[in-house]
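Here the structure is laid out as structure tokens; the discussion comes afterwards.
We count ligands from 1, going down the list as the structure has it; atoms in each ligand are counted the same way.
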Amino acid sequence: MTGSERARSAGRLAVVGIGPGAADLVTPQAAAALAEAEALYGYGPYLDRVPTRAGQVRVPSDNREERARADAALAEAASGRSVALVSGGDPGVFAMAAAVCEAIEAGPEAFRRVDLLVVPGVTAMLAVAARIGAPLGHDFCAINLSDNLKPWSLVEARLDAAATAGFVIALYNPVSKARPWQLGAALERLRGHLGADVPVVFGRAVSRPDERIEIMRLADADAARADMATLVLVGTAETRVVDRPGLPPLVYTPRFAREAAR
Ligand code: SAH
């Protein structure tokens, strides 16, 4: 963007990832963008994690109103304010950055003039992986288990493709009150492709005080032990669990792999 184009832009919107929970996993760039903003938008519990600053307006919203929240934050920025829209983890991973891009594409011309900055954050699958070793050390993919924005048949097709292609699979949004059965169905489906001993990790509230990490075999994975704050990692036949005396086991996927899974 040239200087004159920047001068014509109406205001500024930073879509800021604040990481999985711990304050020391907020990047300096994210902290600066949050401190600079005149107005903060976001899901209430995420806003609660941001240090307060006098004179800064806070506009908390419900978790499911992503598009409305993006429109509101863009409208505020388009009026000339400096706005930050807060996202958990990374804003580009099943979060607000795509909602903002959708709103810019569909919205009024003024939204396209807003100076948009996407500030990356530590996404849940990286935070969980780092806690236990290196489960994402070889090829992997991430699937959002929520069927709010896509049909369940598409989730099933992607689970089949990922498992048969030999990807480690990170499952985001495994469960919610409105979606109680999806994780059980997904695990059952994966059992049709993968061996009983494939390691599975339930990483809950990672980097927060109520963190809980459980490692189990696919055959034993119990969907009832996951909740909205859980990230599920499903390994491959290559994924290893290494026991250590007096220390939690290491879970890792070696950098090398044998032939194609199928
Ligand atoms: N943008 C976020 C993901 C939003 S979807 C990110 O990049 O992490 C919300 C899902 O993320 C949750 O249902 C859960 O699966 C996962 N998640 C978010 N924070 C988490 C944490 N601290 N520990 C484990 N999983 C987490």
Point to revise | Approximate separation, where rounding is to 0.5 Å, of Leu136 CG and Tyr252 OH | key: 14.5 Å
Study note, to complete from the structure: Rounded to the nearest 0.5 Å, the CD atom of Glu38 sits from the CD atom of Gln56 at a distance of 9.5 Å
Practice item. Report yes if some heavy atom in the side chain of Ile104 is under 4.5 Å from a heavy atom in the side chain of Val114; otherwise report no. Key: no
Exercise for review: Report the C-alpha distance between Asp222 and Arg225 in whole Å, list the side-chain angles of each, state the deciding distance to 0.1 Å, and finish with yes or no for salt bridge (charged side-chain N to carboxylate O under 4.0 Å, His left out).
Suggested key: CA-CA 6 Å; Asp222 176 8; Arg225 297 194 61 76; 5.9 Å; no
Point to revise | Passing candidate, side chain to side chain contact (heavy atoms under 4.5 Å, CB included) with Val201, options Thr239, Val232, Val234, Val128 | key: Val128
Does ligand 1 have any N/O atom under 3.5 Å from a protein N/O, and what are those pairs and their distances?
residue, atom, partner, partner atom, Å
ligand 1, 1 (N), Gly88, O, 2.9
ligand 1, 1 (N), Asp90, O, 2.9
ligand 1, 1 (N), Val93, O, 2.8
ligand 1, 7 (O), Asp90, N, 2.8
ligand 1, 7 (O), Asp90, O, 3.4
ligand 1, 7 (O), Thr123, OG1, 2.6
ligand 1, 8 (O), Thr123, OG1, 3.3
ligand 1, 8 (O), Ala124, N, 2.9
ligand 1, 13 (O), Asn173, N, 3.3
ligand 1, 13 (O), Asn173, OD1, 3.2
ligand 1, 13 (O), Met228, O, 2.6
ligand 1, 15 (O), Asn173, N, 3.1
ligand 1, 15 (O), Thr230, O, 2.7
ligand 1, 19 (N), Arg208, NH2, 3.3
ligand 1, 22 (N), Pro20, O, 3.0
ligand 1, 22 (N), Val206, N, 3.2
ligand 1, 22 (N), Val206, O, 3.0
ligand 1, 22 (N), Arg208, NH2, 3.3
ligand 1, 23 (N), Ala205, N, 3.4
ligand 1, 23 (N), Val206, N, 2.9
ligand 1, 25 (N), Ala229, O, 3.3

Exercise for review: Taking salt bridge (charged side-chain N to carboxylate O under 4.0 Å, His left out) as the test, write out the residues that go with Asp48, two or more places apart.
Suggested key: none
